[in-house]
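Below is one structure; the comments refer to it alone.
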There are 2 protein chains.
Amino acid sequence: MADDAREKWLAEAKRRMRSAGMRSGQSRTAVMELLARDGRCLMSAQDVVDAMSARGASSRASVYRVLDTLHELGMLHRIDSGDGVARFEIADPDEHHHHAVNEATGEITTFTDPVLEASIKAIAARLGLELTSHDVILRGTPAR
Amino acid sequence: MADDAREKWLAEAKRRMRSAGMRSGQSRTAVMELLARDGRCLMSAQDVVDAMSARGASSRASVYRVLDTLHELGMLHRIDSGDGVARFEIADPDEHHHHAVNEATGEITTFTDPVLEASIKAIAARLGLELTSHDVILRGTPAR
DNA sequence: GCAATAATGAGATTGGATCTTGTTATTGTC
DNA sequence: GACAATAACAAGATCCAATCTCATTATTGC
Ligand SMILES: [Zn+2]
Ligand SMILES: [Zn+2]
Ligand SMILES: [Zn+2]
Ligand SMILES: [Zn+2]
């Protein structure tokens, strides 16, 4: 993701926190800035905890709380990969993508597809659903 | 699902177990028959444990092992709904479907969509992936 | 600056899932 | 059918991500 997109994300996250009546404590600030600066695809909460403690502080509880808050504010996607560990990534409408898992190696690749997105929108409309989020995960082995 | 489809599923599950060199112990047999007879959409392991203990036996460990085995044999889908509880359902090619969560009520509905499935196949081909499984989850609130 | 109160940190706790170990059951062979 | 080999099982201990508790600290409006 481009640097300016990350700055925009950070500003928007702070704005939403403020307008939700939340204070800007050190943990919230630190986690948001870490995500904006070094956030990767599919970070686990533990990844963030580790990165934070390498930088000085923020308790595990705080990291979990901030990630949850950012998710509720719509600033983070939460992806459950099936191994019992929730993973997060910055929610940027311009960078919307999904993930494919190579089951032989565990390697994860990302992809985008307009037809897929269109069909998801159509399904939601058919079901009478105002879509807030959706997940798509492909799993397979490299075709020989 | 139709009764004969369930019988077919049960027979196929037993066949795959056998051809994988596995014996038919009481736990495996009981869990498979329970799933074939009373299996529902999105059953948690605990659901199965409860159903089993209501019928007499099978330890928690055994239920987890059997569910895992059936998943590895391709007889069960495993869906991670995001609440930290893995959920299972019978894998029947004729009954392939996905789930939509009403975030207001927690209610889950199922849907099928040929366009969606076609786009997933196309994406897998593009990525050079021999697809073994895929998940799609929609989340939203009822459109007003 | 002060009071009100939201946010944080540290550790305890929860709960789903897995692991360990001694026991039991299944299967092929005689 | 009895037997030995060994796979499967049961029960409880254990693991670990995630959450909760509550005393302490920091932020904000006044
Ligand atoms: Zn990603
Ligand atoms: Zn999408
Ligand atoms: Zn289902
Ligand atoms: Zn599908």
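Computed from a predicted model, the values in this text were never measured in an experiment. In what follows, chains are A, B, ... by sequence order, proteins preceding strands, each numbered from 1.
Here B/S62 reaches the OP1 or OP2 of D/dA10: one of its side-chain N or O atoms lies under 4.0 Å away. Side-chain N/O atoms of B/S58 include none lying less than 4.0 angstrom from OP1 or OP2 on D/dC9. Distances shown here put every side-chain N or O of A/R28 at or beyond 4.0 Å from the OP1 or OP2 atom of C/dA6.
Within the structure, ring-ring contact (aromatic ring centres under 6.0 Å, His included) contacts touching residues 75-97 of chain B (residues at least two apart or in different chains) are B/H96-B/H98, B/H96-B/H134, B/H97-B/H99.
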Quiz item: What is the per-nucleotide protein-contact pattern of nucleotides 25-30 of chain C, from the 5' end, where B denotes a base atom under 4.0 Å from a protein heavy atom, S denotes such proximity for sugar-phosphate atoms only, and - denotes neither?
Solution: BBS---
Quiz prompt | Nucleic acid footprint by protein, nucleotides 15-20 of chain C - heavy-atom cut-off 4.0 Å, B for base, S for sugar-phosphate alone | solution = -SBBBB
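Going from atom CG of A/L67 over to atom P of C/dA7 covers 16 Å, rounded to whole Å. Atom C1' of nucleotide D/dA26 and atom CE of A/M17 are separated by 16 Å, given to the nearest angstrom. Spacing between atom CE of A/M43 and atom P of D/dA17 amounts to 15 Å, rounded to whole angstrom units. The separation between A/H71 atom NE2 and D/dT19 atom C1' is 17 Å, rounded to whole Å.
A donor-acceptor contact closer than 3.5 angstrom is absent between the side chains of B/T29 and B/S24. Counted by atom type alone, B/S62 and B/R65 present one or more donor-acceptor pairs between their side chains at under 3.5 Å.
In the displayed structure, B/R37 atom CZ is contacted under 6.0 Å by more than 12 heavy atoms of other residues, nucleotides or ligands. No more than 12 heavy atoms of other residues, nucleotides or ligands lie within 6.0 Å of NZ in B/K8, so this atom counts as exposed by the packing criterion.
A salt bridge links A/R55 to A/D38: one of the charged nitrogens lies within less than 4.0 Å of a carboxylate oxygen.
Taking every heavy atom of both residues into account, A/V31 and A/V63 meet most closely at CG2-CG2, 4.3 Å.
The hydrophobic clustering, which links ILVMFWY residues whose side-chain heavy atoms are closer than 4.5 Å, places B/L34 and B/L73 together.
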